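In what follows, every chain begins at residue 1, and chains take the letters A, B, ... in the order their sequences are listed. Only heavy atoms go into these numbers, but all of them, side chains included; no hydrogens, no water, no symmetry mates. Keep in mind the model is a prediction, meaning the values are calculated, not measured.
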Amino acid sequence: MHVPDGFLDAPTSVATGVLAAGTVALALRRAREELDERTAPLAGLTAAFVFAVQMMNFPVGAGTSGHLIGGTLTAVLVGPWTAVLCMTVVLLVQAVLFADGGLTALGTNVTLMALVAVGVGYGLFRLLVAVLPRTRTGLLVAAGVGAFASVPVAALAFVALFAAGGVADIPVGTVAATMGGIHVLIGLGEAAITVVVLGAVLAARPDLVHGAAHLRSADTLLRRPEVLTPRGPAQR
Amino acid sequence: MTSRRRTTGFLLVGLVVALVVAGIGSYYASSSPDGLEWSAEKEGFLDTAEDSATADSPLADYAVSGVDDGRLSGGLAGVIGVAVTLVLAGGITLLVRRRSSAGDDSAGNDVDSAQDADDAEARPVPRA
């Protein structure tokens with residue numbers, strides 16, 4: 001999904017650059033509420049982990065591959081504003097050191113993967129968490145669906161930018177069908193990786209997961225009767 | 001103290017996983033074009049891509065220039081990337097985070113909170 005230099009014209013790249021800079025500036029202020037002594041190191045590690053897993057391209061059909069974006073995973077682990085910062089650092093390192101994603105396209109890539117993917121994935125996660133059962137399974141389903149949807153939506157966001165300022169003169173409808181179709185498949189991989197990693201962290205340290213705060217409050221409510229009746233029904 | 005030690009252990013395990021994925025696993029990643037590149041090729045706008053200004057970076061395309069062995073070159077690039085990302089993202093989040101001088105709302109006990117307060121006072125960075 002890393003957009004190279006040249007796909008989009010200068011005005012579009014400037015516009016996404018301004019949007020990306022504004023988003024990061026806002027995230028620097030808002031992430032403060034999500035980060036404390038315990039979660040700040042986890043946020044750094046999550047960014048490094050996303051960088052690593054983004055190197056693992058998995059095959060998608062014949063002759064195509066995809067890799068994790070990680071916006072939803074990061075947002076559920078450390079909070080959405082912190083996720084914007086983490087994803088931006090990953091994209092910055094990739095563009096500057098590894099020539100992965102263009103430099104003039106950095107604002108575009110931050111917009112697609114740090115803003116759209118995080119916003120859509122985490123937004124859907126919160127919506128689903130509100131209606132699904134307050135269990136670990138409910139949380140994982142919500143994160144999986146959010147992660148899945150974030151990929152084709154980010155792909156279609158690129159198509160919208162391409163429609164506005166694509167350098168090549170190509171019918172947008174066919175680009176949308178091609179981009180959307182392949183990224184639905186890649187989204188399945190995004191969902192699978194997100195659920196596996198989140199499940200592992202929830203099993204080891206549920207207390208560190210930002211998006212699991214509602215499970216913790218439910219836990220304490222459940223634990224009280226258990227103290228009174230130690231042999232009561234086992235808590236899941 | 002034990003909860004803090006447990007967290008450190010958890011973070012170290014996570015770091016090792018990231019290093020193994022980037023340093024060893026990445027060699028086995030698919031080298032097929034990704035979804036965007038494939039779409040651009042299919043729709044006929046891949047040739048509008050331009051080389052990045054960093055295309056001559058010694059780490060361009062996840063390979064260390066001068067290291068001929070593909071496995072070593074890619075693995076080394078991955079490890080460097082993980083380290084740089086960790087330092088940058090960890091540094092930013094540490095700067096942005098709240099200082100827990102007023103007390104830790106986590107599972108920490110009073111001794112931990114007192115130490116946190118001491119830590120915060122010892123730091124030269126003023127509260128923003």
A/Val50, part contacting chain B, at a heavy-atom distance under 4.5 Å: neither
Within the side chain of A/Glu190, is there an N or O that forms a donor-acceptor pair under 3.5 Å with the backbone of A/Gly70? yes
Heavy-atom distance under 4.5 Å to chain B: side chain of A/Met1, backbone, both or neither? backbone
Close aromatic pair by centroid cut-off 6.0 Å: A/Phe98 and A/Phe51: yes
Within the distance-only criterion (no hydrogens, no angle test), does the side chain of B/Arg71 pair as donor or acceptor with the backbone N or O of B/Ile24 below 3.5 angstrom? no
Could you walk me through whether B/Leu59 and B/Ile80 pass side chain to side chain contact (heavy atoms under 4.5 Å, CB included), step by step? CA-CA 9 Å; B/Leu59 292 170; B/Ile80 293 170; 4.0 Å; yes
Heavy-atom cut-off 4.5 Å, strictly under: side chain, backbone, both or neither for A/Phe7 against chain B? both
So does A/Gly61 get a backbone contact from the side chain of A/Thr64, meaning a donor-acceptor N/O pair under 3.5 Å? no
Checking B/Leu94 against chain A: side chain, backbone, both or neither under 4.5 Å from a heavy atom? both
Contact winner vs chain A - B/Gly91, B/Pro33, B/Ser31, B/Ala22, heavy-atom pairs under 4.5 Å: B/Pro33
Contacting region of A/Gln54 [heavy-atom separation from chain B under 4.5 Å]: neither
What option among A/Gly63, A/Pro4, A/Gly102, A/Ala43 has the most heavy-atom pairs under 4.5 Å with chain B? A/Gly63
Name the option with the most non-hydrogen atom pairs under 4.5 Å to chain B; the candidates are A/Ser65, A/Ala47, A/Gly66. A/Ser65
Test item: B/Thr85 and A/Gln94 side chains (from C-beta on) under 4.5 Å apart, heavy atoms: no
Those residues of residues 162-175 of chain A, ordered by number, that approach chain B below 4.5 Å (heavy atom to heavy atom): A/Phe162, A/Val167, A/Ala168, A/Ile170, A/Thr174, A/Val175
Non-hydrogen atoms of chain A under 4.5 Å away: do they reach the side chain of B/Leu19, the backbone, both or neither? neither
Would you say the side-chain atoms of B/Ser30 pair up with the backbone N or O of A/Phe58, donor to acceptor, closer than 3.5 Å? no
Per-residue tally against chain B (heavy atom, under 4.5 Å) across A/Asp100, A/Val3, A/Thr82, A/Leu208 peaks at A/Asp100
Hey, which of B/Thr54, B/Leu15, B/Leu88, B/Val21 has the most heavy atom pairs under 4.5 Å with chain A? B/Thr54
Heavy-atom pairs under 4.5 Å with chain B, option from A/Val201, A/Val96, A/Leu185, A/Val90 with the top count: A/Val96
Taking B/Thr7's backbone N and O only, do any of them form a donor-acceptor pair with A/Arg38's side chain (distance below 3.5 Å, no angle check)? no
So, A/Thr74 side chain and A/Ala83 main chain: donor-acceptor pair closer than 3.5 Å or not? no
Heavy atoms only: give me the nearest A/Phe49-B/Val17 pair and the separation to one decimal. CE1-CG1, 3.7 Å
Under 4.5 Å from any heavy atom of chain B - which part of A/Ala200: neither
Under a 4.5 Å heavy-atom cutoff, which of A/Thr88, A/Val89, A/Thr39, A/Val78 has the most pairs with chain B? A/Val89
Which atoms of A/Ala31 are under 4.5 Å from chain B, going by heavy atoms: the side chain, the backbone, both sets, or neither? both
Would you find a donor on one side and an acceptor on the other, under 3.5 Å apart, between the side chain of A/Ser13 and the backbone of A/Asp9? yes
Is A/Leu45 close to chain B through its backbone or its side chain, or both, or neither, when contacts mean heavy atoms under 4.5 Å? both
Side chain, backbone, both or neither: which part of B/Asp56 has a non-hydrogen atom closer than 4.5 Å to chain A? neither
Contact winner vs chain A - B/Ala63, B/Ala83, B/Gly74, B/Ala77, heavy-atom pairs under 4.5 Å: B/Ala77
Atom CG of A/Leu112 and atom NE2 of A/His2: how far apart are they, to the nearest 0.5 Å? 10.5 Å
N/O donor-acceptor pair under 3.5 Å between B/Asp34 side chain and B/Leu36 backbone: yes
Heavy-atom contact with chain B under 4.5 Å, split by part of A/Leu97: both
Keeping B/Arg98 on the side-chain end and A/Arg32 on the backbone end, is there a donor-acceptor pair under 3.5 Å? yes
Proximity breakdown for A/Leu8 and chain B, heavy-atom pairs closer than 4.5 Å: neither
Any donor-acceptor N/O pair, A/Asn109 side chain to A/Leu91 backbone, under 3.5 Å: no
With respect to chain A, which residue among B/Val87, B/Asp51, B/Asp61, B/Asp47 yields the maximal number of heavy-atom pairs within a distance under 4.5 Å? B/Asp61
Side-chain ion pair, A/Arg205 and A/Asp207, N-O less than 4.0 Å: yes
Of B/Gly25, B/Gly14, B/Ser26, B/Gly35, the largest count of non-hydrogen pairs under 4.5 angstrom with chain A goes to B/Gly35
Side chain, backbone, both or neither of B/Ala40 within contact of chain A (heavy atoms, under 4.5 Å): side chain
Can you confirm whether B/Trp38 sits close enough to B/Lys42 that some side-chain heavy atom of one is under 4.5 Å from a side-chain heavy atom of the other? yes
